[in-house]
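Notes follow the structure.
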Amino acid sequence: MRPIGLEALWRLWPWQLLYRREGPLSAGLRQSDSCLLGGLLPTAAHPETTTTSVCGFCSTGCGLSAHLQAGHALRLTPDPHYPVNSGRACPKGWEALAVLDSPQRALAPELRWPGKRPQKISWEAAAAHFVSRVRGLIQQHGPGSMAFLSTGQIPTEEMAFLGYFAKFTLGILHGDGNTRQCMASAVAAYKQAFGFDAPPYTYRDLEECDVIVLVGSNLCVAHPILWERVQRNRHGPRIVVIDPRFTETAAQATHHYALRPKSDLFLFYGLAREMIARGRVDEHFIAAHTHGFADFCNFLENFTWERVSRATGLSEAALTELSGILAAGQRVSFWWTMGINQGHQAVRSAQSIINLSLMLGQIGRPGTGPHSITGQCNAMGSRLFSNTTNLLGGHDFASASDRLKVSATLGIDPERIPQANGYAYDQILSAIDRGEIRGLWIVATNTAHSWIEQGRVRKLLAKLDFLVVQDMYRDTETAAFAELLLPAAGWGEKEGTFINSERRIGRVKKLRRPPGEAMSDLAIFRLLAGTWGDHDLLRRWSSPEAIFCDLARLSAGQPCDFSGLRSYSQLEACGGVQWPCPSEAQPLELPRERRLFADGRFFHPDGRARFIWEEPELPPEPSDADYPFILLTGRGSSTEWHTETRTRRSSILAKMNPAQLVVSLAASDGDALALREGDRVAVISRRARIEALAHLTHNLQSGQVFLPMHKAATNLLTQEVVDPISRQPHYKHCAVRIEKISASLL
Amino acid sequence: MLGELRREQETLPYATAVARFSSMQGGLAREGRYQELLPLAAPGPGEQYHFEVDLDLCSSCKSCVSACHQLNGTDPGESWRRVTQLESTKGPYVQALTSACHHCLDPACMKGCPVQAYEKDPFTGIVRHLDDQCIGCQYCMMTCPYDVPQYNARLGIVRKCDMCSQRLRHGEAPACAQACPTDAISIKSQSTATLKRQLSPEHGASGLPLDTVDPSMTGPTTRYKSQRPLPPLHEVKTDTQKIEPAHGPLVAMLVLSQWAVGLCLMLALLPLLEGAARPAGLMQLLATATALLTFASLGLGTLHLGRPLWAFRALLGLRTSWMSREVLAFGGFAAATLLFALIHWPELHPWAAEIGAYEDYVLGFLLLSGLGGVLCSVMIYAATRRRCWSFRRTLGRFGGTSLIMGGVSLLLALSAWLPLSPELLGLAAGTGALVALKLLSELLFLFPRAGQKDPVFVHSAALLRGPLRLWTSLRMGLGLLGGGSLLAIAYLGAQDQGIPSELLLFLSGTGLLFLLGGETIERSLFFRSVAYPRLPGAWR
């Protein structure tokens, strides 16, 4: 240690050549009080002002504070005042701006002809090309020959414009969204059971119960901020994780039941039967608010412990323990994610959970209810307003009165509204196969990575006469098939609203300029609509806020009514508003966290919820001698998001994941195959053969292997099976075999 | 219309928003809650701050890594926290492990630093890195057993976690602790005596994850706690595996400096070899070669520094750093080689006679400083306590290079200058035998005995036989060719008909080239294949 008294001497310049404690390099990391946010920030990048915006990754919908200099965001920190996350964010939220800076951003419209270099063209030329190609297709082959794939990744206003323009202006019949891949089953389950697509919860329910049942949900890595809400639960809750894998969430839980993949129906029917046997059902609630319980009881008769145990692989003792936890719970809430939604009987599986909630009377009170946690930031906006499966505002294309209402609200000719639902995602692909659909417009989704059974998908995309891809990045797997690439602004570069999992409408804001000639999706849609010649639409929906006000009016009278909201500023003042918020409500006076069904009235005309069930069926591709393993797919880690078109652009997020595809398999299976950690293996299904590094683990049961969904190779293996009701793909179960290619390099 | 849309894209709507000043104190995000993450008072005498991680609360979200990057304004990809994932080899288990600098009781980074760019704050115990003092030698990255210091190529310096000292002074929790959604990371204040006692083997409370690295090396202070039983250490999967950088400039510096020292050694032994005969031309050549090699070595070595212009600071760490000592020794050695060369170029200057009288002293000093320098080089790596770089192994390698390169270059010079003699053949045979010995020991290392328990040797050997196998083969091949040339000289020279001088010259020349290539690759493999105990877990 230097003597302190010599400090002044050391400061003299010649000494500093030899020894320098402070200087330009350490100044680069100097921090000072920003005053704005109540904490220290790097002096080199102090904000002049801040604003808040809802995050654009998952549908937790956290509030983020953007630190602005001249309106340009320098960084994001979690918003301490937002009711969803109160000052916390997951690593993706912190890094949400970093993904905007990438050399692979699409900067100008591109025409791409097979075998030629992509050719940059002007926006006028791009719009003209789009219009002439679409017009040509429709004139030659009819309105059924063009389709669009929308997304849960863009603001509600933009997807509503897309839906309006595609269906009412262009007259396209078929359009679907990528929400088909994540939420369709929960939507269908809610619609049938409750009469409307209505996740009933508020996140506070996670804090207010004594039993939390997580089914097919790795909350810790998929929705870290919701796990934080679980941690805030002061009731010492029993946390039950039902998942074939020993996940991060299972490790944190108090109880883990590793059931056989896709045996959920047996488990929940068995539990329902046991609840009846234990006399634990809420007969008053059932009698007053539900329909179909007696028949359901009869159906449950043969779901004996023995049968359930055989089907699920759980011991009868474990089943008894689990049913004891449910029976003892004062406030029991059920939460599910893709483990339920992606299956061959996904809707029924979700309903088997809803049934349990209903019969236990565990709904409508704080800390209760059957809840589906959404994936994408604006999945609910997409469901209600993308004008694909539902007519704008959760209405029905097939209902004449709904069509009249929408046409009157928007001031359009009712004849322009199609009278039937279009094709679902998988049906659009099959129609391409048949040659019926020849043109496709893909907006902000990555079909050539995410849809099931990729080998087929890529063949179909290549078969199209015309593919337009509208995306932030020019190098997505799907953009490789595009004829026309439209460069779009990303989250943080445009205005609008999202609706999160708990029905909360939140503002997303423009915090940066889009790079190059990229434009917001809304501006692109407006340009195309103008070029097509729909000036009424342009006049009516001239800004995101104008659209928002129309959407609020469209929602009037629906369960998702938010006609009480009249402007963005009002929405912001409330810190996000959950629907319902009808026109007579004073949004500012509504409680900040609300749940549905407190009065026991559901959205069916008779006000009663339905018990719905079906005989369980075995998964379509069981393992056999040739393909002895079941392939499970799912989230890799909290730093990876879907097809990684965004997260891999952040060097911070990217370095927290393995660069190569890693297949996990049970250690005992590894031993049987004479595999060692790090061996290069082939994973082979009836569809494809891919290569990966082997990771041997005790967190999987024997006979199962796991691949993260974030690498494009994974979906080459999966089998195109969809739930017959929701038409959501069955990503989480197909048969594979493992072959060793070469020994570990280490 | 397009113009209007394009203009819309250019606007930033919140540029003129009215700034709202926060009423909150002590942190960015959560009002009034950070205090729980900080000790009630700053450390008293004999105490220091340390990180505490509650493993039961950590849910693998990794926000701490992103927040460290964002709130500290580091460069792209630069974060001072990392999260790895532990699994068990015995049963279901998964646990995230977040770590940053452990602010050790006895920081190895500080001891190794040649320029005193590290200090352990006497009041808080925080190990701080002085960015402006750093010359970018990256030696701390080798001495720190936890891979904490990170090199920033843009700035040419190393940077690391300082526990957000500025925030702590401000009564604010570090970025990682602020950002943790479940409050798993906190700062505690504890007496250093207790922290030290906790690390003793019988205490066993240092927290499982730290024990993969012998905690007595540096005295890490991060404490991991958990109510749940953790699997025993030997049951935790550790699969963070990577090939280390080759450090080209260091390889050149080491091989050339050892070569120069080897030559000096040979010069000192020359009288034994050749009687008293030391032809002036030969001496001139060898002395010049020594000086050139030395200066090339030092010059190339400086290229390793991120800020080579500040290399002159490298003597500051003499008290603790072997690197400073190496710089001193080779500095003296370089000066002496210059003097020695001047002695043998009398035509260049008038005072050849005066200094020539001291030739033996100069040679003696050369030997002393040169051998000292090589020893310091050995100690630089031995002091990291990486077992692959143990004193014995490193000495064998560095010393071997010295003798081999000295021997073969002297052989080449002699064979050009003097007729074939038994001594020369002896030199060839001796050097050839050394090469064979060195290759054999390296070959044995490649195939650890079945009883080899130390995973670092097994792992290092696997790297050499696996991803590095091409280089390993090349190194072996060149070594065999070089050693073979020398043995061929010895063998042919011992025959009745002797060895033609052209062939002798050719064989010793090619031998030198082969051996130089072989030793250079050997040295790069020395760096690239180093395996050492790390914190367990993989990026997942």
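Worth saying up front: this structure is predicted, and the values here are computed from it rather than measured. Throughout, protein chains are lettered first and strands after them, A, B, ... in sequence-line order, and every chain is numbered starting at 1.
Side-chain contact between A/Q252 and B/R228: present, with at least one pair of heavy atoms (C-beta onward) separated by less than 4.5 Å. Side-chain contact check for B/F312 versus A/L18: some heavy-atom pair is nearer than 4.5 Å. Under the 4.5 Å side-chain criterion, counting only non-hydrogen atoms from C-beta, B/K62 is not in contact with A/V221. Contact check for A/E124 versus B/L2: side-chain heavy atoms found under the 4.5 Å cut-off. Looking at heavy atoms from C-beta onward, B/L5 lies in side-chain contact with A/M519 at the 4.5 angstrom threshold. At a threshold of 4.5 Å between non-hydrogen side-chain atoms, the residues B/S60 and A/C220 do not count as touching.
A/Q231 touches chain B through its side chain: at least one heavy atom from C-beta onward sits under 4.5 Å away, while N, CA, C and O do not. In this structure, the portion of A/T639 lying under 4.5 Å from any heavy atom of chain B is its side chain and not its backbone. Neither the backbone nor the side chain of A/Q69 has a heavy atom closer than 4.5 Å to any heavy atom of chain B. For a residue to count as touching a neighbouring chain, one of its non-hydrogen atoms must lie under 4.5 Å from one of that chain's; by this rule B/L57 touches chain A with backbone and side chain alike. Neither the backbone nor the side chain of B/C134 comes within less than 4.5 Å of any heavy atom in chain A. Contacts of A/L538 with chain B are made by side-chain atoms alone, with heavy-atom separations under 4.5 Å and no backbone atom involved. Heavy atoms closer than 4.5 Å to chain A are found nowhere in B/N152, neither backbone nor side chain. Within the 4.5 angstrom heavy-atom criterion, only side-chain atoms of A/I225, from C-beta onward, approach chain B. For A/T247, the part sitting under 4.5 Å from any heavy atom of chain B is the backbone (N, CA, C, O) and nothing else. For A/R229, no part lies near chain B; criterion is any non-hydrogen pair under 4.5 Å. When heavy atoms are compared at a cutoff of 4.5 Å, A/H256 does not approach chain B at all. With a threshold of 4.5 angstrom between heavy atoms, A/A127 does not approach chain B through any atom at all. Only the side chain of A/L653 comes within contact range of chain B, with at least one heavy atom under 4.5 Å from a heavy atom of that chain. The parts of A/P24 that come within reach of chain B are both its backbone and its side chain, each placing non-hydrogen atoms under 4.5 angstrom from that chain. Heavy-atom distances place no part of B/R81 under 4.5 Å from chain A, backbone and side chain included. Neither the backbone nor the side chain of A/A45 comes within less than 4.5 Å of any heavy atom in chain B. For A/A523, the parts lying under 4.5 angstrom from a heavy atom of chain B are both the backbone and the side chain. Both the backbone and the side chain of A/E22 come within less than 4.5 Å of a heavy atom of chain B.
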**OP:** Decide side chain to side chain contact (heavy atoms under 4.5 Å, CB included) for A/K494 and B/Q9; before the verdict, give the C-alpha distance in whole Å, the side-chain angles of both, and the deciding distance to 0.1 Å.
**Re:** CA-CA 8 Å; A/K494 55 190 184 176; B/Q9 305 306 310; over 6 Å; no
**OP:** Given salt bridge (Lys or Arg N to Asp or Glu O under 4.0 Å), test B/R6 with A/E517 step by step and report yes or no.
**Re:** CA-CA 8 Å; B/R6 294 288 310 135; A/E517 291 175 40; 5.5 Å; no
**OP:** Please test B/Q85 against A/E248 for side chain to side chain donor-acceptor pair (under 3.5 Å), starting from the C-alpha separation and ending with a verdict.
**Re:** CA-CA 10 Å; B/Q85 192 111 313; A/E248 287 82 353; 2.7 Å; yes
**OP:** List the steps and the verdict of side chain to side chain donor-acceptor pair (under 3.5 Å) for A/Q31 and B/H170.
**Re:** CA-CA 10 Å; A/Q31 297 163 359; B/H170 204 245; over 6 Å; no
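With 3.5 Å as the limit, one finds no donor-acceptor pair spanning the side chains of A/E95 and B/S66.
Contact record, A/S26 with B/D132: OG-OD2, 2.6 Å, taken as the closest heavy-atom pair.
Of the possible polar contacts, one joining the B/R167 side chain to the A/L40 backbone as a donor-acceptor pair under 3.5 Å is found. For the pair A/N699 (side chain) and B/Y93 (backbone), a donor-acceptor distance under 3.5 Å is present. In this structure, B/E172 contributes its side chain and A/G39 its backbone to no donor-acceptor pair below 3.5 Å.
Here the CZ atom belonging to B/R159 is positioned 8.0 Å from the CG atom belonging to A/L25, to the nearest 0.5 angstrom.
The side chain to side chain donor-acceptor pair (under 3.5 Å) check on A/T531 picks up nothing, with sequence neighbours excluded.
If you tally non-hydrogen atom pairs under 4.5 Å between each of B/S79, B/A67, B/C64 and chain A, the highest count goes to B/A67.
The side-chain tip of A/K509 points at the ring of B/Y14 from less than 6.0 angstrom away and within 45° of straight on.
Within a 6.0 Å sphere centred on CD of B/E10, heavy atoms belonging to other residues, nucleotides or ligands number more than 12.
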